[in-house]
Amino acid sequence: MDTQTKGQFYRGRFAPSPSGPLHFGSLVSALASYLDARANKGEWLVRIEDIDPPREVPGSDKRILDSLLAHGMQWDGDILYQSSRTDAYEAALHELSKNELIFFCSCTNKQLKEYRLKHPKNESMLASGVYPGICREQKRYKDQCSQRLKINEQIFLFHDAVYGLVSQNLSDEVGDFVLKRRDGLYAYQLAVVVDDIHQGINNIVRGTDLLDSTPRQLYLYQCLNAQAPNYKHLPLALLSDGKKLSKQTGAPALNNMEAPENIFAALRFLGQKPPLELQGESVNNIISWGITHWDSHKICPQDIVI
Ligand code: GLU
């Protein structure tokens, strides 16, 4: 059951990181979140996730926004930039710390490696990057610390509208995870949840590369006493070598002049079966068809080589 059927107003979003222009993979996420929102008569917000300056490409926020408009997707309200949200992230950390849910961690990667060598019994657990809890009981702030959320939960279960029941053993597979880094930058996991709560987002549609972040985020919703959204994760567009199409694997920027073709291809990718007669129509006509005929049950939970 989605939020609409529970009688709540639908609010969705697209939340790109400005680390490069839109490519076909990110177009699929933008389009699916847009169509899901519009088909549910809801709002669709855009948030620029610019919390990691070293990974940003100057000007890509503007390029992404231009591309969205060229592809017929107009957002509601103002764009929220995460770089303006430091106070909110600090307030959330403060609340978590008041409830003794986080701790300061002074471990460096080098120290964690050394610990692993000295404690071979824990090796299998530590090999997956699970934090061994060295600083867990540390109460006071020390310089050059990260802040981690304590994980005591065992199995975390949630229902994804495309992938069905998803489970993750948070303590064994993830462990105490970082919310604020040693270098002072906020972790994606914290920022995304704080902002989705702040913006009243109750439906999240995004790529399946974030499926395994979802239990961490659901746990944060719990810790912050907020209601969790509904989730729809989307299959990824893969290159022929099986790698995800991404900025890192050199995905080409979308050509805005080919917006109708791009949207048509993205609809097909999403299993929507647009009729061939739609080819050659304007981008707005193709998007309108997409809204009228949107059926998220047709999305196949399997990555696709494009
Ligand atoms: N900013 C993330 C990205 O560009 C997406 C975050 C999300 O949708 O939760 O991959």
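Whatever order the structure lists them in is the order used to number ligands and atoms, beginning at 1.
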Q.
Please check whether A15 reaches ligand 1 - meaning an N/O of the residue sits under 3.5 Å from an N/O of the ligand, judged on distance alone.
A. yes
Q. Is a side-chain N or O of S171 found less than 3.5 angstrom from the main chain of I151, in a donor-acceptor match?
A. no
Q) Just by modelled atom types, is the S29 backbone N or O under 3.5 Å from a matching donor or acceptor in the S33 side chain? A) yes
Q. Is a donor on one side and an acceptor on the other found under 3.5 Å between the side chain of D303 and the backbone of L236?
A. yes
(Q) Taking 4.0 angstrom as the limit and counting only heavy atoms of L210, give me the atoms of ligand 1 inside it, by number and element. (A) 5 (C), 6 (C), 7 (C), 8 (O), 9 (O)
Q. For ligand 1, which atoms sit closer than 4.0 Å to a heavy atom of Y188?
A. 6 (C), 7 (C), 9 (O)
Q) Can you tell me the protein heavy atom closest to atom 3 (C) of ligand 1 and the distance? A) S17 OG, 3.5 Å
Q.
Can a donor-acceptor pair be found, under 3.5 Å and without considering hydrogens, that links the side chain of E49 to the backbone of V192?
A. no
(Q) Does the residue F14 have a heavy-atom contact with ligand 1, meaning some pair of atoms that are separated by less than 4.0 Å? (A) no
Q. Is it true that R47 and D196 have a side-chain N and a carboxylate O under 4.0 angstrom from each other?
A. yes
Q.
At less than 4.0 angstrom from any non-hydrogen atom of V192, what atoms of ligand 1 do you find?
A. 9 (O)
Q: State the atoms of ligand 1, each with its element, that fall below the 4.0 Å cut-off from a heavy-atom position in R13.
A: 7 (C), 8 (O), 9 (O)
Q) Among side-chain atoms of Y188 and D52, is any donor-acceptor pair under 3.5 angstrom? A) no
Q. So, does Q217 sit close enough to ligand 1 that a heavy atom of it is under 4.0 Å from the ligand?
A. no
Q. For ligand 1, which atoms, with element, lie under 4.0 Å from some heavy atom of E49?
A. 1 (N), 2 (C), 5 (C), 6 (C)
Q) Is N202 reaching over with its side chain to a backbone N or O of F9, donor-acceptor style, under 3.5 angstrom? A) yes
**Q.** Per-atom contacts of ligand 1 with R206, taking only distances under 4.0 Å to non-hydrogen atoms
**A.** 7 (C), 8 (O), 9 (O)
